[in-house]
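One structure is given here, and the rest of the page talks about it.
When a residue number appears, it is its place in the shown sequence, counting from 1. Being a predicted model, the structure only gives us computed values, none of them experimental. Every number for a ligand or one of its atoms is a count from 1 in the order of the listing.
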Amino acid sequence: MSSHTGKLWIVGFGPGSAEHITARALTAIQASDVVIGYNTYVDLVRHLLTHQEVVRTGMTEEVSRAQAAVELAQQGKAVAVISSGDAGVYGMAGLVYEVLVEQGWQEGDNPEVEVVPGISAIHSCAALLGAPIMHDACTISLSDHLTPWDVIARRVEAAAAADFVIALYNPKSGRRTEQIVETQRILLRHRSPSTPVGLVKSAYRDRQRVDVTTLADMLDYEIGMLTTVIIGNSQTFVHGQKLITPRGYQRKYDLRETEQRLRPGERLRPEHEPWALHQGRSRGQG
Ligand code: SAH
């Protein structure tokens, strides 16, 4: 092993278009000696590659990809492991750290590690849909390759019951087709069939497609490996082709008034927020 300290960048390059990659991600890819990633991801950043050695791998080879990245960086190379979106959201960041921890790596050891944040699908897809995740939202991956279905189903149930806006990642693939059907069934136990749903395929890439539908009808639309499904909460409404979730449940503003009922500073008074938690209890609950 070289005594020269290597650098391991774990990079999220955003949804896929050149405009949505961060400056830091660009720097990382351009300054690296080796770029490692799933074939499709390497293709999406090909225009940025000049001198870099490229290690392409298939989709199910995440573990060997992480191990190769760590090994090359330990040899003193600058290595960029790339993920679409954010590398810390169903990406490579966790796996790379798991490999390092397994080897006894500590902060300050070789290699130096930097995770570079990127725009995850929940954010790129929400932007195309308008403003669906204005309120509390969560992401759930429907892929049961690495997670037992029972765990996933429990999370869908909990998120549905708690009225979260939900972004479903990995909703469906060629072989995994039942998960989205079962998910719709669980959601319908808690939410109205008319709940707005946005389907975004290939956000900010060629063949981008945006569909706005409802919880009842969502399965009539094309859903695939490159689709993110955003389920509105009980307040979400549709305007044209946009999904809009209000900023709050209890409206403290009236958009038809030029002057708001409450002056700045008055909004936060306890008497104007009877539904809030006041000294251990919500007044709304009596
Ligand atoms: N790290 C990625 C997620 C990888 S999991 C991120 O942060 O975005 C793969 C899933 O992400 C896909 O099944 C899809 O649900 C979602 N996804 C990734 N890129 C997308 C895009 N450009 N448009 C729509 N969905 C996308």
With side-chain hydrogen bond (donor to acceptor under 3.5 Å, both in side chains) as the test, would you mind laying out the steps for Q52 and D33 before giving the verdict? CA-CA 5 Å; Q52 294 86 340; D33 305 309; over 6 Å; no
Measure R205 to ligand 1 on non-hydrogen atoms and call it side chain, backbone, both or neither using the 4.0 Å cut-off. side chain
Which of parallel (below 30°), tilted (30 to 60°) and perpendicular (above 60°) describes H20 and Y204? tilted
Considering non-hydrogen atoms of the protein only, which is the closest contact for atom 11 (O) of ligand 1, and what is the distance? Y169 CD2, 3.4 Å
With distance as the sole criterion, is a donor-acceptor pair present between the side chains of T236 and N233 under 3.5 Å? yes
Out of I122, D86, I223, T227, the nearest non-hydrogen contact to atom 14 (C) of ligand 1 is supplied by T227
Out of L168, N170, V89, whose heavy atom is nearest to atom 10 (C) of ligand 1? N170
Starting from atom 16 (C) of ligand 1, which protein heavy atom do you reach first, and at what distance in Å? T228 OG1, 3.3 Å
Mind checking whether A203 has an N or O less than 3.5 Å away from an N or O of ligand 1? yes
What atoms of ligand 1 come within less than 4.0 Å of a heavy atom belonging to P15? 22 (N)
Mark yes or no for whether D109, through its side chain, and Q106, through its backbone, hold a donor-acceptor pair below 3.5 Å. yes
Would you check whether I119 has a nitrogen or oxygen atom less than 3.5 angstrom from a nitrogen or oxygen atom of ligand 1? no
Distance filter under 4.0 Å to V200 heavy atoms, resulting ligand 1 atoms: 24 (C)
Any nitrogen or oxygen of K201, side chain or backbone, less than 3.5 Å from one on ligand 1? no
Return yes if a side-chain donor-acceptor contact under 3.5 Å exists between S141 and S143, otherwise no. no
Nearest non-hydrogen contact to atom 18 (C) of ligand 1 from the set S141, G118, A121 belongs to A121
Going by distance only, is there an N or O of S120 that falls short of 3.5 Å from an N or O of ligand 1? yes
Are the side chain of T183 and the backbone N or O of Q179 linked by a donor-acceptor pair below 3.5 Å? yes
Is it true that H190 and E157 share a donor-acceptor pair across their side chains at a distance under 3.5 Å? yes
List the steps and the verdict of side-chain hydrogen bond (donor to acceptor under 3.5 Å, both in side chains) for H123 and S120. CA-CA 6 Å; H123 295 118; S120 188; 5.5 Å; no
If we ignore angles and hydrogens, is there a donor and acceptor under 3.5 Å between the side chains of T5 and N110? no
Can you tell me if C125 contacts ligand 1 (heavy atom of the residue under 4.0 Å from the ligand)? yes
Side chain, backbone, both or neither: which part of A87 comes within less than 4.0 Å of ligand 1 when only heavy atoms are counted? neither
Which residue supplies the protein heavy atom nearest to atom 13 (O) of ligand 1, what is that atom called, and how far is it? M225 O, 2.6 Å
At less than 4.0 angstrom from any non-hydrogen atom of P171, what atoms of ligand 1 do you find? 15 (O)
Which ligand 1 atoms are under 4.0 Å away from a heavy-atom of Y90? 4 (C), 5 (S)
Does a salt bridge link E178 with K172, judged by any charged N lying under 4.0 Å from a carboxylate O? no
Residue, atom name and distance, where the atom is the protein heavy atom closest to atom 24 (C) of ligand 1: L226 O, 3.2 Å
For ligand 1, which atoms have a heavy atom of G85 less than 4.0 angstrom away? 6 (C), 7 (O), 8 (O)
Tell me which part of S83 gets within contact of ligand 1: side chain, backbone, both or neither, using heavy atoms under 4.0 Å. neither
